[in-house]
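Before any comments, here is the structure.
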Protein chains: 2
Amino acid sequence: MDSQDLKNVGLKATLPRLKILNFLHASPVRHMSAEDVYKSMLETGEDVGLATVYRVLTQFESAGLVTRHHFDEGHSVFELNLGEHHDHILCVKCGKVDEFFDPVIEDRQYDIARNQGYTITDHALVVYGVCPDCQD
Amino acid sequence: MDSQDLKNVGLKATLPRLKILNFLHASPVRHMSAEDVYKSMLETGEDVGLATVYRVLTQFESAGLVTRHHFDEGHSVFELNLGEHHDHILCVKCGKVDEFFDPVIEDRQYDIARNQGYTITDHALVVYGVCPDCQD
DNA sequence: GAGTATATTGAGAAAGATTCGCATTAGTAT
DNA sequence: ATACTAATGCGAATCTTTCTCAATATACTC
Ligand SMILES: [Mn+2]
Ligand SMILES: [Mn+2]
Ligand SMILES: [Zn+2]
Ligand SMILES: [Zn+2]
């Protein structure tokens, strides 16, 4: 039961929210748009209104349960927040999404922000390229 | 006359395209949405259809004259391509956009891509924070 | 466990950004 | 100047996301 997970972050444990959270945990695909979540859940018979999917994903984001990304597409992409910050590398041919974490880059970002007098709150690094499977 | 600039990149030198290109060069604001460009030009009396602004900015992007960014907003942001690649740091309070270039980060990105078997084509790094003017 | 106050849901309408369709107009090369 | 073709501008259409609101489900009290 994830009921408690929701209550812990201040959200009522409603059926749609539980369904969506369970779906995200069970999905083999980590990065999905709201539409992806909506359609995939329909196929599983777990149907939830599209407006609710959008609302709940936004609530999960505020609660820190999921992270929202703005890749170079026209829509938001969400992923379950597993506690480990990372950045992304996307294949421009097949759309595959890989992840990485680089302490050197993380540190440099803080230095740069500090040098420009900024207090850093977040960052998003997306590398685009051609994945091994899509070469030539 | 920028007529030649347009022809050089394979675009017919039409009045709307010249107006937009001149506007971008003259603007003190470097980062603008299509809507920003459209409205600012209206105010200057240089009016061009909104659809044309969208089309032309996209053509300029393909031609390498401008760069398109996807910051965490619901729309694209364009800037004149002055030939020097750089990344961005945005103030989450006032919306200011600053720029930076860090060779260490650039290099690390290539290493990471190579390690994962990717051929890098592009990247986008956006740092969010609170600018000096917006501290407390 | 039923009763109640209140937050949440779902469906469709609405909004914001961008693209499309097409008749009209403007560049460009004879 | 003429003619061929590409580009423009308008509104309609599309896509993603949010909003409205009546119906419903959750959590709390007794
Ligand atoms: Mn990820
Ligand atoms: Mn810039
Ligand atoms: Zn690929
Ligand atoms: Zn600021």
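- Regarding contacts with the backbone of D:dT17, a side-chain N or O of A:Ser76 is found under 4.0 angstrom from either OP1 or OP2.
- Contact annotation: B:Arg55 does not reach the phosphate of D:dA7 (side-chain N/O to OP1 or OP2, under 4.0 Å).
- Among the nucleotides C:dT9, D:dG9, C:dG12, the one closest to the side chain of A:Pro16 is C:dT9.
- When distances are taken from the side chain of A:Tyr54 to each of C:dT28, C:dT6, D:dT17, the shortest belongs to D:dT17.
- Where the helix from C:dG1-D:dC30 to C:dT30-D:dA1 starts and where it ends, the local axes point in directions that differ by 40°; five pairs per end, rounded to 10°.
- Of the candidates D:dA7, C:dT9, D:dG9, the closest approach to any side-chain atom of A:Thr52 belongs to C:dT9.
- For A:His88 and A:Phe71, the gap between ring centers is short of 6.0 Å.
- Counting non-hydrogen atoms under 4.0 angstrom, B:Lys19 reaches nothing in the nucleic acid.
- In this structure, the nucleotide among C:dA7, D:dT17, D:dA7 sitting nearest to the side chain of A:Lys12 is C:dA7.
- When each of C:dG27, D:dT26, C:dG10 is scored by its nearest atom to the side-chain atoms of A:Leu15, the top-ranked nucleotide is D:dT26.
- Judged as a ring-ring contact (aromatic ring centres under 6.0 Å, His included), and not counting sequence neighbours, B:His75 has no contacts.
- An OP1 or OP2 oxygen of C:dT8 is reached within less than 4.0 angstrom by no side-chain nitrogen or oxygen of A:Thr14.
- The aromatic rings of A:His123 and A:His85 sit perpendicular to each other, their planes meeting at more than 60°, with 30° as the lower class boundary.
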